[in-house]
Amino acid sequence: MHPYRTHTCGDLREADAGSVARLSGWVFHKRDHGGVLFIDLRDHYGVTQIVIHPEKSFFEECQRWRSESVVTVYGRVAARTADTVNADLPTGGVELVVDEVTIQSAADPLPLHLAGEDEGPEETRLRYRFLDLRRERMQRNILLRSRVIASMRRRLTEKGFPEFQTPILTSSSPEGARDYLVPSRVHPGKFYALPQAPQLFKQLLMVSGFDRYFQIAPCFRDEDARADRSPGEFYQLDIEMAFATQDEVFETVEDVLHGVFAEFSDWEIDAAPFVRIPYKEAMLKYGTDKPDLRIPIEIRDVSGVFAASDFNAFRSVVEKGGVVRAIPVKGIADRPRSFFDKMVAFAQGIGSKGLAYLVWQEGKVKGPIFKFLKPEDVDALASQCGVSDGDVLFFVSDKEKPASRIAGEVRHKLGHDLGLIPSGVYKFCWVVDFPMFEYDEELGRVGFSHNPFSMPQGGMQALQEQDPLDVLAYQYDIVCNGCELSSGAIRNHLPEVMYKAFEIAGYPPETVDERFGALIRAFRMGAPPHGGLAPGVDRIVMLLAHETSIREVIAFPMNQRAQDLMMDAPSSVSEKQLRELHIRMQLPHADKPA
RNA sequence: GGGGGCGUAGCUCAAUUGGUUAGAGUCCCGGACUGUCGAUCCGGUGGUUGCGGGUUCGAGCCCCGUCGCUCCCGCCA
């Protein structure tokens with residue numbers, strides 16, 4: 001007989017009654033009646049009740065077993081009597097009547113409760129992650145992650161995408177986030193950088209003639225955390241295709257993502273092809289480049305109505321080049337005044353000068369700005385925004401960029417507070433046609449809006465002839481329920497177009513050669529047109545697990561300050577290590593240890 | 001770097017809004033109990049109220065500072 005187990009703690013059924021079995025697992029719940037002791041023994045697969053009778057020599061030893069100790073028990077499987085069956089457990093029809101016990105590992109008292117609803121403080125959960133991960137929910141999440149990744153691999157492999165590894169120790173990339181640096185022992189004063197993404201390598205693989213590529217790729221960025229953004233490292237399903245159009249990239253990814261979401265969720269999922277929304281339209285209708293399409297509200301531009309109105313506050317904004325955006329909401333005219341006051345306060349809190357509104361109720365229109373409007377203005381607003389009795393229009397007026405943002409946040413807040421977000425639905429969309437360049441207010445000049453490797457729509461001609469701010473890129477995002485899953489692009493594989501694009505963004509050719517030497521050199525020696533994208537694996541698993549924090553789907557995440565509390569990283573290193581790396585410390589506060 | 005929230009027993013929380021010796025559940029320790037499944041019952045250990053300073057006759061509560069966690073802004077090609 002196996003020294004540890006003949007069955008897992010999820011295996012035994014009534015059909016096993018009468019046979020002998022050996023089980024190993026963690027002591028979960030203990031119910032000690034003095035005359036009989038019940039223990040729920042738990043492993044990865046389930047829970048089985050074991051029974052220890054008082055005449056056994058080891059009875060008192062078992063009474064002393066603390067929760068989470070690991071034990072091995074041997075005995076006879078017995079069917080439970082009808083009145084003692086536990087219908088909540090798959091193994092609830094049987095119990096193991098124990099004849100031999102071995103304690104494999106006695107547990108100290110724990111800093112966390114593993115049973116019940118309470119999670120405990122996140123700091124403790126992270127410090128004792130190995131305990132936290134014993135919870136059923138965490139086991140489920142981490143297992144889901146494993147299955148999702150396996151499914152992604154299978155789906156891409158079936159489509160003829162080979163998986164490649166790319167270097168972890170590479171060179172610092174000049175654009176983007178801060179790099180994690182690794183000092184070189186052999187080359188004093190020089191550093192490797194951990195890749196922020198395998199971007200350049202996957203493009204070089206296309207130039208190498210591999211045609212297609214994917215990788216479950218670790219990415220490292222030294223940026224601050226968010227609930228949906230783990231500090232330090234995260235994983236992307238990195239994909240690249242040669243000789244592919246944007247539509248072919250979309251088709252491939254829709255197939256994979258739809259397949260993965262359908263495989264691991266019962267929620268309703270948009271059928272492919274997913275809706276495609278030009279960036280400009282997304283900013284107008286949803287006020288964001290990652291719209292949550294579950295919210296049934298579409299923002300409208302009503303600048304024209306107010307330009308011709310007698311409402312000076314809005315008219316003057318429009319005359320100065322600003323806009324007025326209307327947010328129509330159905331059937332909330334009967335909300336109390338406090339609701340509207342709360343929305344106004346919210347808008348002001350996010351940088352709006354105010355939040356005007358009109359209420360269509362019982363055949364009349366009212367609201368703080370009603371008295372400034374002519375009847376034909378009100379009619380125009382109603383028809384342009386599709387509102388009728390019972391509906392409300394909120395208004396935001398500002399320069400275009402802040403007005404879009406504020407209207408978008410108000411839309412989201414309304415959707416959330418009014419319970420307009422349906423559950424059980426995944427709404428996907430592509431946001432396409434991102435601008436190639438944008439005006440950088442801080443620097444006072446034109447810069448890349450997204451990523452300098454994208455092919456401008458219209459190619460060289462567009463760069464030469466159009467206003468840079470009008471040039472669009474073959475640059476796209478895929479968004480699910482307001483969560484950005486991925487950015488991608490059809491890449492710019494033409495050196496001359498790349499030099500021109502960088503010139504517009506203010507960089508001379510030498511800079512391009514210096515920073516992207518490997519890529520430009522490769523592009524001079526026969527490069528296929530290519531493109532791809534890289535959906536975030538952690539975020540996809542987070543959505544599928546219905547978690548709101550990305551840390552819940554990562555086995556060993558760092559905390560918000562990029563520390564691993566369990567392993568105590570980052571940590572100090574020895575003087576010898578520093579000497580070998582030619583590094584001398586210069587700490588911000590000499591009296592404060594790091 | 002900035003803003004909001006939180007910080008009381010190992011864990012989850014309370015403390016009549018400034019008033020006697022900071023309580024309860026849980027965990028842990030001891031005891032009772034032969035059918036439980038969040039077992040139950042009795043008893044016990046456990047606190048520099050994150051830390052430092054201030055106001056006050058008196059501070060868990062008010063003020064200032066600081067540290068930690070978390071959410072957000074900046075940042076994330």
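Protein chains get the first letters and strands the later ones, always in sequence-line order, with residue 1 at the start of each.
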Touch class at under 4.0 angstrom, heavy-atom based, for A:Glu95 against every strand present: base

Taking the [atom1] atom of each, how far is [N] from [M], in whole Å?
N	M	atom1	answer
B:U48	B:G5	C1'	26 Å
B:G53	B:A15	C1'	25 Å
B:C75	B:G65	C1'	28 Å
B:U49	B:A22	C1'	8 Å
B:C42	B:U26	P	10 Å
B:G25	B:G43	P	10 Å
B:C11	B:G7	C1'	14 Å

For A:Glu409, which of A:Lys413, A:Arg411, A:Arg405 qualifies under side-chain hydrogen bond (donor to acceptor under 3.5 Å, both in side chains)? A:Arg405

On a heavy-atom basis, the closest approach of A:Ala217 and A:Asp238 is CB-CB, 4.1 Å

Take A:His44 and A:Thr8 through the test side chain to side chain contact (heavy atoms under 4.5 Å, CB included) and record every step on the way to the result. CA-CA 8 Å; A:His44 176 72; A:Thr8 73; over 6 Å; no

Among B:C76, B:C28, B:U36, the one nearest any side-chain atom of A:Thr84 is B:U36

What nucleotide among B:U12, B:C33, B:U36 has an atom nearest to a side-chain atom of A:Asp32? B:C33

Can you give me the N/O atom pairs linking the protein to nucleotides 3-10 of chain B at distances under 3.5 Å, or say none if there are none?
unit_1: B:G10; atom_1: N2; unit_2: A:His113; atom_2: NE2; d: 2.8

For atom [atom1] of [X] and atom [atom2] of [N], their distance in whole Å:
X	N	atom1	atom2	value
A:Gln49	B:G38	CD	C1'	14 Å
A:Leu131	B:C27	CG	P	16 Å
A:Gln63	B:U36	CD	P	18 Å
A:Ile39	B:G38	CD1	C1'	16 Å
A:Ile550	B:C76	CD1	C1'	12 Å
A:Asp289	B:C76	CG	C1'	13 Å
A:Leu37	B:U40	CG	P	15 Å
A:Arg127	B:G68	CZ	P	13 Å

Counting only distance, no hydrogens or angles, is the base of B:U36 paired donor-acceptor with the side chain of A:Arg80 under 3.5 Å? yes

Using side-chain heavy atoms (C-beta onward) and a distance below 4.5 Å, is [X] in contact with [Y]?
X	Y	answer
A:Asn492	A:Phe453	no
A:Gln215	A:Pro198	yes
A:Tyr279	A:Gln475	no
A:Gln203	A:Arg491	yes
A:Pro109	A:Arg66	yes

For the side chain of A:Asp43 and the backbone of A:Cys9, is there at least one donor-acceptor N/O pair under 3.5 Å apart? yes

Mark yes or no for whether A:Arg129, through its side chain, and A:Ala555, through its backbone, hold a donor-acceptor pair below 3.5 Å. yes

Would you say A:Arg66 places a side-chain N or O within less than 4.0 Å of OP1 or OP2 belonging to B:C29? yes

B:U36 phosphate, OP1 or OP2, under 4.0 Å from A:Arg31 side-chain N/O: no

Per-nucleotide protein contact string for nucleotides 70-75 of chain B (B base, S sugar-phosphate only, - none; heavy atom under 4.0 Å): BBSBBB

Does the side-chain ring of A:His33 lie flat on the base of B:A39, meaning centres under 5.5 Å and planes less than 30 degrees apart? yes

In Å, rounded to the nearest 0.5 Å, how long is the span from CD of A:Gln49 to CG of A:Leu41? 11.0 Å

Taking atom CG of A:Asp513 and atom CD of A:Glu510, what is their separation to the nearest 0.5 Å? 7.5 Å

In terms of the nearest nucleotide of RNA chain B, which residue is placed more toward the 5' end: A:Pro109 or A:Asp88? A:Pro109

Map A:Asn451 and A:His53 onto RNA chain B by nearest heavy atom, then report which one ends up closer to the 5' terminus. A:His53

Evaluate side chain to side chain contact (heavy atoms under 4.5 Å, CB included) for A:Asp222 paired with A:Asp179, printing each intermediate quantity in order. CA-CA 6 Å; A:Asp222 185 4; A:Asp179 287 313; over 6 Å; no

Would B:U17 be called syn or anti, given that syn covers angles within 90° of 0? syn

Report the secondary structure of RNA chain B in dot-bracket form, marking unpaired bases with a dot and bases paired to a different strand with |, and treating Watson-Crick or G-U pairs with both distances under 3.5 Å as paired. (((((((..((((.....[...)))).(((((.......))))).....(((((..]....))))))))))))....

